[in-house]
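Data block below; observations after.
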Number of protein chains: 2
Amino acid sequence: MNILVVYAHHEPKSLVGSLKNLGISKLQEMGHQVVESDLYGIGFHPVANVYDFQTLSGGHFNYMLEQKYATENSWSYSPDVLEQMQRLQAADLVIFYTPIWWSSVPAILKGWFDRVLTMGFAWDSGKIYEDGLLRGKKVLFVGTAASPEEFYQPLGKYRATLRQVLHPILHGTLAFCGMDILDPFFVFSSMNKTPEEYSAILDSHAQAIELAVNNPHYLSKF
Amino acid sequence: MNILVVYAHHEPKSLVGSLKNLGISKLQEMGHQVVESDLYGIGFHPVANVYDFQTLSGGHFNYMLEQKYATENSWSYSPDVLEQMQRLQAADLVIFYTPIWWSSVPAILKGWFDRVLTMGFAWDSGKIYEDGLLRGKKVLFVGTAASPEEFYQPLGKYRATLRQVLHPILHGTLAFCGMDILDPFFVFSSMNKTPEEYSAILDSHAQAIELAVNNPHYLSKF
């Protein structure tokens with residue numbers, strides 16, 4: 001399989017960093033091709049703007065319609081966007097490694113969604129969800145949160161389950177483009193782990209990676 | 001009242017831009033003090049990182065704990081973060097003007113949440129929701145979406161209501177810091193308005209602004 005890892009943490013020694021390193025090693029051991037987009041490492045610029053396009057339609061500047069125009073004009077995107085689109089196009093499985101900040105992904109990863117999941121390429125008018133242009137690709141979302149699991153309950157502090165908190169990302173964004181969403185791998189209370197717990201989390205992640213790659217029924221209903 | 005407007009659109013001629021201009025004029029006519037943070041205009045950098053702090057704790061770099069450390073050390077943040085924190089601190093009401101992209105705010109605004117709603121200032125350990133450090137401030141969220149309203153239904157394309165889609169922002173982020181969330185002003189199908197509809201939307205927004213400022217019971221339960 002061709003696997004794209006999109007990594008959104010600034011600290012290599014973080015739990016997210018450890019999970020990502022383990023995931024990549026495990027996948028390579030299994031003989032898969034892994035490409036890593038280390039968003040902090042490459043200084044990915046997350047702000048959608050006019051400079052994302054090499055040519056403009058000339059009309060009123062609407063970001064979505066400029067995406068459509070650029071896609072139809074030989075993918076005339078700026079090189080940094082184009083590179084991510086090509087990596088995504090080549091991938092059978094995309095794994096996101098990210099902390100959860102403010103019930104969502106960090107801005108650097110939100111900007112990857114904004115700039116890379118372009119109209120005409122990832123989706124189009126009438127080409128969403130089961131007809132989305134990225135159908136056939138799988139997504140594994142790996143996240144960590146400082147908050148405890150008890151916050152993520154209908155009557156917990158967040159007044160929402162983890163599934164509901166991640167819904168705008170997994171359903172509203174990734175499934176929108178037609179991708180199949182695997183069960184997320186998620187760690188709560190990420191700052192309070194003993195060495196034994198830390199090591200158990202990594203073991204469990206290695207198993208999740210194996211399942212994600214080998215078990216076609218390991219699908220979630222996001 | 002002191003009102004902070006946080007504006008997150010790159011195109012002044014957009015509907016979001018028109019709503020924002022109208023809102024500011026209306027508030028100024030009413031005699032209120034308005035400060036505008038035009039995130040695209042000031043080139044706000046949304047990526048949380050080590051350069052957000054003028055001094056570091058020296059420990060393992062954990063963004064949240066560095067925020068806490070900086071807050072306790074004379075707010076030793078980088079000048080761009082500090083300026084936004086001071087504007088927020090001075091505000092009685094914060095109005096966000098933003099498009100909805102991928103069921104959330106653009107990266108430039110997500111990064112404002114990530115970098116400005118800092119630990120020790122906006123919230124703290126045990127100081128969240130009704131005890132959040134920004135309690136007493138109100139929030140009016142003004143958003144536009146290209147998608148039609150029918151997508152935002154439990155059985156619609158998004159499999160979620162608007163309230164559920166905005167929950168991570170309004171409840172998971174802004175209410176988390178103790179702010180009171182007013183009923184959002186929201187426009188669906190934002191790209192398909194006739195001149196008459198456009199003008200009716202602006203009129204209705206002027207009324208919403210008046211209510212938000214004058215009616216203390218105009219509170220939502222986000």
Side-chain angles (χ1 to χ4, degrees), chain A residues 8-14 39-40 43-50 60-65 99-115 117 119 128-129 146-147 151-152 157-160 164-177 190-191 221-222, chain B residues 8-14 39-40 43-50 60-65 99-115 117 119 128-129 146-147 151-152 157-160 164-177 190-191 221-222:
Chain A
H9 205 293
H10 42 221
E11 175 52 63
K13 290 181 195 152
S14 61
L39 302 184
Y40 272 92
F44 184 76
H45 188 68
V47 178
N49 212 334
V50 62
H60 168 92
F61 183 72
N62 174 286
Y63 192 70
M64 203 170 81
L65 297 182
I100 293 297
W101 291 347
W102 292 121
S103 292
S104 186
V105 294
I108 203 168
L109 179 51
K110 178 55 170 59
W112 192 93
F113 298 155
D114 292 345
R115 298 179 71 219
L117 300 177
M119 185 174 188
I128 61 176
Y129 290 104
S147 302
F151 278 27
Y152 294 86
K157 287 287 185 191
Y158 291 142
R159 299 276 188 271
Q164 289 169 324
V165 169
L166 298 182
H167 190 84
I169 301 162
L170 299 184
H171 182 82
T173 305
L174 302 168
F176 184 99
C177 301
S190 59
M191 292 166 65
K221 273 291 157 208
F222 269 100
Chain B
H9 205 293
H10 42 221
E11 175 52 62
K13 291 181 197 150
S14 62
L39 301 185
Y40 272 92
F44 184 76
H45 187 68
V47 178
N49 212 335
V50 63
H60 167 94
F61 183 72
N62 174 285
Y63 191 71
M64 202 169 81
L65 297 181
I100 293 296
W101 292 347
W102 292 121
S103 292
S104 186
V105 294
I108 203 168
L109 180 51
K110 179 53 171 60
W112 191 92
F113 297 155
D114 292 345
R115 297 179 71 219
L117 300 177
M119 186 175 187
I128 62 176
Y129 291 104
S147 302
F151 277 26
Y152 294 85
K157 287 287 185 191
Y158 290 143
R159 299 275 188 273
Q164 289 169 324
V165 169
L166 298 182
H167 190 85
I169 300 161
L170 300 183
H171 182 81
T173 305
L174 302 168
F176 185 98
C177 301
S190 58
M191 291 166 64
K221 271 294 157 204
F222 270 99

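We name chains A, B, ... by the order of the sequence lines, and we start the count at 1 in each one.
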Full working for side chain to side chain contact (heavy atoms under 4.5 Å, CB included) between V47(B) and F44(A) = CA-CA 9 Å; V47(B) 178; F44(A) 184 76; over 6 Å; no
note = Ranked by heavy-atom pairs below 4.5 Å to chain B, first place among S104(A), G111(A), A146(A) goes to S104(A)
ask   = Taking every heavy-atom pair that is under 4.5 Å apart, which of M64(A), K13(A), M191(A), R115(A) has the most such pairs with chain B?
value = M191(A)
What's the shortest heavy-atom distance between [X] and [Y], and which atoms?
X: S103(B); Y: G172(A); result: OG-CA, 3.7 Å
X: N49(B); Y: H10(A); result: OD1-CB, 3.8 Å
X: Y158(A); Y: H167(B); result: O-NE2, 2.8 Å
X: D114(B); Y: A107(A); result: OD2-N, 3.0 Å
X: H171(A); Y: K157(B); result: NE2-O, 2.9 Å

inquiry  = Using heavy-atom distances under 4.5 Å, tell me whether L39(A) contacts chain B through its side chain, its backbone, both, or neither.
reply    = neither
message = Which atoms of F61(A) are under 4.5 Å from chain B, going by heavy atoms: the side chain, the backbone, both sets, or neither?
response = both
Is chain A contacted by the side chain of [X], its backbone, both, or neither, given a heavy-atom distance below 4.5 Å?
X: I128(B); result: side chain
X: V50(B); result: neither
X: S14(B); result: backbone

ask   = Among Y63(A), F176(A), F113(A), W112(A), whose ring-ring contact (aromatic ring centres under 6.0 Å, His included) with W102(B) holds?
value = F176(A)
task = Check side-chain contact (heavy atoms from CB on, under 4.5 Å) between P99(B) and all other residues, then give those that pass, not counting sequence neighbours.
result = H9(B), V16(B), W101(B), P106(B), T144(B)
Interatomic spacing from NE2 in H45(B) to NE2 in H45(A) - rounded to 0.5 Å = 8.0 Å
query = Do you know which of V165(B), V105(B), L109(B) has the most heavy-atom pairs under 4.5 Å to chain A?
reply = V105(B)
